[in-house]
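Before any comments, here is the structure.
Every chain is numbered from 1, with letters handed out A, B, ... down the list of sequences. Heavy atoms only: backbone and side chains are in, while hydrogens, waters and symmetry mates are out.
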Protein chains: 2
Amino acid sequence: MKIGELAKLSGVAAHTIRFYETKGLLPKASRNVNGYRHYNNESVQRLATIQCAKRLGFSLEDILTVLAHSEPAKGLDHDKVLQQLDVRLLEVKQLIKALLVQQNEITLFKQQLQTTWQQGKCMQADALFDSNSAMITE
Amino acid sequence: MKIGELAKLSGVAAHTIRFYETKGLLPKASRNVNGYRHYNNESVQRLATIQCAKRLGFSLEDILTVLAHSEPAKGLDHDKVLQQLDVRLLEVKQLIKALLVQQNEITLFKQQLQTTWQQGKCMQADALFDSNSAMITE
DNA sequence: TATAAGCTTAAAGTTAACTTTAATGTCAAT
DNA sequence: ATTGACATTAAAGTTAACTTTAAGCTTATA
C-alpha cells in the first residue's frame, strides 16, 4: 500500500510516517517503480506499537532505545522493556505527586486571595505572591 | 544593584533576567552611566512573584497576561487572576487524571508481559503491544 | 598592570515531536 | 487532456523557556 493508505489505516499522518522513518522508528520503506514508498501489514503493526507506547507516555527516543536493543529475530529485549516501564512508572508517580502539590497550592492561594480581597484590601501582586510563598514553604 | 547581584538575590540567572525583560515580564531596567542595568528591591520582588507563579505551573505567557491586565496603580485585576487560577486548576486536575490512567496502564502492561514471558513465550513486540492495546481499550 | 570577573548586544542553538513550505513529479478519473 | 489527489525531497518553522555564542566594553583585584 502507499503512504496515504497507511496513514488512514494507522491514523498517523503521512508526513509523520516519513518523519518516523528518518528517526529510525520505521525501517526504510521499500520503493516501487515510481519511487513511492510501499508498505504492508507489518507497517500497520509497527505504527500501532508506536502509538501504544506513546500513549503510555514514552518518548520517541524511549521507543527507539527499546527497538535498538531488540534484534528482529529474537524479538524484544525483555530486560530493557521492563526497565523502561519501571523508569516511566517512577516518572509518572513523581509527576502525579508534584501535580497534587500544585493543586493544593493553587487552591490555598485562591482562598487567601478571596479572603484578602473581600476585606477590601487591594494588595499589590508582589505582596500577595509573597504571602502565598511564605504560607507554602513554611 | 547590578544584574549579577540581582541574579544572586533572586536565584534567577542574569541572562534569564535580560530574557524576562525582552519578554516584558520585567520593566525595562534603568541604566547607569556605563550602560549597565540598575535594579532595586522592587526588582527582587517582581522576580519572586514570577518564581512563585511558575511554581504554580503558570507559563510566562500566563504571567504576562495577568500583568498586562493590571495597572500599576490599581494593582492586579482580581477577576483575571481568579480566572487564571481556575483555568490552571482544571488543567492540573486533568493532567492528574490522565497520569493516573497511564499509571494503571503501565502497571497492567508490565504484569501481562511478565506472565507471558514466564510462560516461555517470546512474543514479538507488535503482538504484545497489541494485546495490551486491546486490553486497555475494551 | 595584567588578569579575571562582570557587563553589553543580537542572534543562533536547545529539545520534542512534529508541521509547513516549496518546488516538483505521478496517477486516476472525467 | 486536464483536473485534482497523492507522491517526492530538503529545509525551515513551531512552541516554551531558556542557554549559548560571539565579540567587545568595564570594573575590581592582585
Worksheet item: Is a salt bridge present between Glu21(B) and Arg18(B), judged by a nitrogen-to-oxygen distance below 4.0 Å?
Response: no
Worksheet item: Salt-bridged, Lys2(B) to Glu5(B), with N to O below 4.0 Å?
Response: no
Does [X] make a side-chain N or O approach to OP1 or OP2 of [N] shorter than 4.0 Å?
X: Thr16(A); N: dT19(C); answer: yes
X: Arg31(A); N: dT26(C); answer: no
X: Asn34(B); N: dC7(C); answer: no
X: Arg18(A); N: dA11(D); answer: no

Provide, to the nearest angstrom, the distance between the [atom1] atom belonging to [X] and the [atom2] atom belonging to [N].
X: Lys8(A); N: dA5(D); atom1: NZ; atom2: P; answer: 11 Å
X: Gln51(B); N: dC18(D); atom1: CD; atom2: P; answer: 8 Å
X: Met1(A); N: dA7(D); atom1: CE; atom2: P; answer: 12 Å
X: Leu26(A); N: dC18(C); atom1: CG; atom2: C1'; answer: 14 Å
X: Glu21(A); N: dC18(C); atom1: CD; atom2: C1'; answer: 16 Å
X: Leu6(A); N: dA7(D); atom1: CG; atom2: C1'; answer: 14 Å
X: Ile17(B); N: dA17(D); atom1: CD1; atom2: C1'; answer: 15 Å
X: Arg37(A); N: dT26(C); atom1: CZ; atom2: C1'; answer: 15 Å

Worksheet entry | His15(B), nearest nucleotide to its side chain (from dC18(C), dA17(D), dT20(D)) |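 From the listed options, dT20(D) comes nearest.
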Practice prompt. Give the nucleotide from the list dA17(C), dA7(D), dA17(D) with an atom nearest to the side chain of Ile3(A).
Written response: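 Closest nucleotide among those given: dA7(D).
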Discussion item. By the 4.0 Å heavy-atom rule, please label Lys23(A) as base, sugar-phosphate, or nothing.
Written reply: nothing
Worksheet item: Looking only at side chains, do Ser59(B) and Asp62(B) share a donor and an acceptor under 3.5 Å apart?
Response: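 There is such a pair between these side chains.
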Worksheet item: Which heavy atom of Ala13(A) sits nearest a heavy atom of Ala7(A), and at what distance?
Response: C-CB, 4.2 Å
Discussion item. Among Leu95(B), Leu56(B), Val92(B), which residue satisfies the side chain to side chain contact (heavy atoms under 4.5 Å, CB included) criterion with Gln103(A)?
Written reply: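 Exactly one candidate clears the test, Val92(B).
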Worksheet entry | Residue whose closest nucleotide on DNA chain C lies nearer the 5' end, Tyr36(A) versus Phe19(A) | Phe19(A)
